[in-house]
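What follows is one structure encoded as structure tokens, with my remarks underneath.
Note that these values count all heavy atoms, side chains included, but never hydrogens, waters or copies made by symmetry. The first residue of the sequence shown is numbered 1, and numbering continues consecutively from there.
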Amino acid sequence: MISVEEARGRILEALSPCGAETVPLAEGWNRVLARPVAARLTQPPADVSAMDGYAVRAADALEGAMLRVIGAAPAGHPFAGVVGAGEAVRIFTGAPVPEGADAILLQEDATAAGGTVRVNEAVRPDRWIRRAGMDFRAGDTLLKAGRRLTARDIGLAAAGNHAWLAVHRAPRIAILATGDEIVLPGEPLPGGGIVSSNAHMLAALVRAAGGVPVVLPIAGDNHDAIGAAAEAARRCEMLVTTGGASVGEHDLVQSALAPHGFTLDFWKIAMRPGKPLIWGRLGETPVLGLPGNPVSALVCSVLFLWPALARLSGLPVAPLPLRMVRLGAALPENDRREEYMRARLETDAEGRAVVVPATRQDSAMLRILAGADALLQRPPHAPALQAGALVPVVSLADLGI
């Protein structure tokens with residue numbers, strides 16, 4: 001068996017980001033930039049007013065002064081003249097500041113009367129003026145490559161005058177559930193049958209990570225069905241299987257894929273839940289074989305599939321997103337396998353964040369997994385801990401799953 005850290009490293013080392021494609025700006029959200037975005041213009045392009053009021057010369061705009069209004073500058077309609085001594089121009093937010101003016105008299109600090117305006121409060125030079133390039137200048141790098149785009153980033157790219165963006169292709173992930181005993185939700189259950197939850201759960205996780213799930217038909221426990229599904233996955237960036245990852249009489253994934261060119265890297269990890277996990281290649285297609293147990297499949301996906309999707313999407317390699325939280329209940333010592341306990345993040349009586357592990361950690365209990373919002377990491381041979389100790393956790397909410 002190998003460690004979780006070694007398994008994660010070997011998986012990520014074997015993957016490369018998907019190639020680039022150009023998409024409309026409106027479709028860039030949640031995609032990963034393949035090339036940096038530089039500003040194509042200066043923002044603001046000129047000195048502009050930050051408020052509605054009057055463009056004035058600060059030296060003239062003393063309290064009680066009367067200024068002659070010589071024109072107006074609505075947004076989109078600059079005033080073409082020059083503001084001279086004792087003069088003012090009615091101006092609105094976003095309009096360029098006329099030549100000669102060096103401050104904005106707020107409309108609430110002024111009283112208009114006919115063609116004049118009275119200064120009720122003196123202004124200072126540069127007051128309420130946004131200088132040209134205050135936000136960014138043409139040529140500035142606005143967004144770096146390798147960044148997953150947020151709504152804020154889309155707004156910034158638009159302000160930089162970009163209608164199209166170069167992003168990495170979203171990785172297509174083929175998902176294959178195996179087993180004679182499983183059926184799709186809503187189908188009649190045969191004797192001894194169970195509803196397949198893994199494929200839908202994994203498809204949701206792939207979407208949350210920015211990938212495109214390709215859910216294949218369930219393959220029964222026979223070589224032909226598994227092999228046929230594997231061939232369909234060659235057009236994808238990765239094949240993820242669930243079930244059949246161990247070495248039992250009906251665990252056929254490795255042997256079924258072998259005639260199709262499958263080569264194995266490793267298949268056992270010193271962790272709980274999720275010890276039997278396959279990693280290898282089907283020709284050029286990476287293969288991640290998850291356990292059939294739903295809880296084990298999800299935990300392994302958080303530790304291995306999620307970072308693999310990040311790598312394929314073009315994101316920089318990052319460590320497991322652990323944060324330290326106080327333990328809300330005592331824990332016994334751990335054995336030789338790294339453990340990921342289902343837990344909830346709560347607040348104690350003193351208002352501190354604490355993590356409380358579920359009282360039952362059976363890896364077949366999906367309801368407990370769904371009710372958890374964190375995985376509490378326990379290293380191999382970890383000693384017993386009392387409530388209040390700091391422990392590392394992976395927040396499932398932070399990952400959006």
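You'll find the side chain of Phe262 reaches within 4.5 Å of the side chain of Val287, heavy atoms only. Contact of the Leu176 side chain with the Leu239 side chain is registered, since non-hydrogen atoms from C-beta on lie closer than 4.5 Å. Within the 4.5 Å cutoff, the side chain of Val240 has heavy atoms near those of the Leu202 side chain. Proximity of Leu290 to Ser296: side-chain heavy atoms (C-beta onward) are nowhere separated by under 4.5 Å. Proximity of Leu33 to Lys144: side-chain heavy atoms (C-beta onward) are nowhere separated by under 4.5 Å. The shortest side-chain heavy-atom distance between Lys275 and Ile269 does not fall under the 4.5 Å cut-off. In this structure the side chain of Glu339 reaches within 4.5 angstrom of the side chain of Arg272, judged on heavy atoms. Contact of the Leu288 side chain with the Trp279 side chain is registered, since non-hydrogen atoms from C-beta on lie closer than 4.5 Å.
In this structure, the separation between CZ on Arg342 and CG on Leu298 is 9.5 Å, given to the nearest 0.5 Å. With rounding to the nearest 0.5 angstrom, the OG1 atom of Thr42 is 10.5 Å from the CG atom of Asp135. Within the model, atoms SG of Cys18 and CG of Leu312 stand 5.0 Å from one another, a figure rounded to the nearest 0.5 Å. Rounded to the nearest 0.5 angstrom, Glu13 CD and Asp265 CG are separated by 9.0 Å. Note that the CD1 atom of Ile218 and the CD1 atom of Ile175 stand 12.5 Å from one another [nearest 0.5 Å]. Of the inter-residue distances, the one linking Asp47 atom CG with Glu99 atom CD reads 11.5 Å to the nearest 0.5 angstrom.
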Exercise. Test Ile91 against Phe79 for side-chain contact (heavy atoms from CB on, under 4.5 Å), laying out the working first.
Key: CA-CA 9 Å; Ile91 198 167; Phe79 177 75; over 6 Å; no

Exercise. Decide yes or no on side-chain hydrogen bond (donor to acceptor under 3.5 Å, both in side chains) for Asp221 and Thr178, but give the supporting numbers first.
Key: CA-CA 7 Å; Asp221 287 324; Thr178 69; 4.8 Å; no

Practice problem: Walk me through it: do Glu284 and Arg234 pass the test salt bridge (charged side-chain N to carboxylate O under 4.0 Å, His left out)? | Solution: CA-CA 8 Å; Glu284 295 300 315; Arg234 290 186 185 273; over 6 Å; no

Practice problem: Evaluate the criterion side-chain contact (heavy atoms from CB on, under 4.5 Å) for residue pair Asn30 and Leu149; output intermediate values, then yes/no. | Solution: CA-CA 5 Å; Asn30 207 38; Leu149 294 168; over 6 Å; no

Quiz item: Can you check side-chain contact (heavy atoms from CB on, under 4.5 Å) on Val119 and Leu67, steps first, answer last?
Solution: CA-CA 8 Å; Val119 180; Leu67 306 176; 4.0 Å; yes

Exercise. Check the pair Ile182, Val195 against side-chain contact (heavy atoms from CB on, under 4.5 Å), reporting the backbone distance first and the verdict last.
Key: CA-CA 5 Å; Ile182 59 174; Val195 175; over 6 Å; no

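When atom types are taken as modelled, the side chain of Arg90 and the backbone of Ala72 share no donor-acceptor pair closer than 3.5 angstrom. Between the Asp52 side chain and the Gln107 main chain, no donor and acceptor come within less than 3.5 Å of each other. Thr150 places a side-chain N or O within donor-acceptor distance of the main-chain N or O of Arg152, the cut-off being under 3.5 Å. Of the possible donor and acceptor atoms, none in the side chain of His168 sits under 3.5 Å from a partner among the backbone N and O of Leu315. Here the side chain of Arg344 pairs a donor or acceptor atom with the backbone of Gly371 at under 3.5 angstrom. For the pair Glu237 (side chain) and Arg172 (backbone), a donor-acceptor distance under 3.5 Å is present. Judged by distance alone, the side chain of Asp109 and the main-chain N or O of Glu121 form no donor-acceptor pair under 3.5 Å. Put simply, the side chain of Asn161 never gets that close to the backbone of Leu41: no donor and acceptor are under 3.5 Å apart.
Nearest heavy-atom pair, Ala75 versus Phe92, reported as atom, atom and distance to 0.1 Å: N-CB, 4.4 Å. Listed here is the closest heavy atom pair of Pro357 and Leu331: CG-CD2, 3.7 Å. Between Pro291 and Cys300, the closest heavy-atom pair is CD-SG, 4.1 Å. Nearest heavy atoms, Trp29 versus Ala151: CD1-N, 3.7 Å. Looking at every heavy atom in both residues, Val56 comes nearest to Ala61 through CG2-CB, 3.8 Å. Here the shortest heavy-atom pairing between Thr241 and Gly289 reads OG1-CA, 3.2 Å.
Within the structure, the side-chain hydrogen bond (donor to acceptor under 3.5 Å, both in side chains) test picks out the following pairs touching residues 368-384 (sequence neighbours left out): Glu338-Gln377, Tyr340-Gln377.
Between Asp140 and Arg137, none of the side-chain N atoms (NZ, or NE/NH1/NH2) sits under 4.0 Å from a carboxylate O, so this pair counts as no salt bridge. We find that Arg57 and Glu87 are not joined by a salt bridge, their nearest charged nitrogen and carboxylate oxygen being 4.0 Å or further apart.
Annotation for Glu21: atom CD counts as buried by contact number, over 12 foreign heavy atoms lying within 6.0 Å.
Checking Arg147, Arg31, Arg148 one by one against Asp153, the side chain to side chain donor-acceptor pair (under 3.5 Å) holds for a single residue, Arg147.
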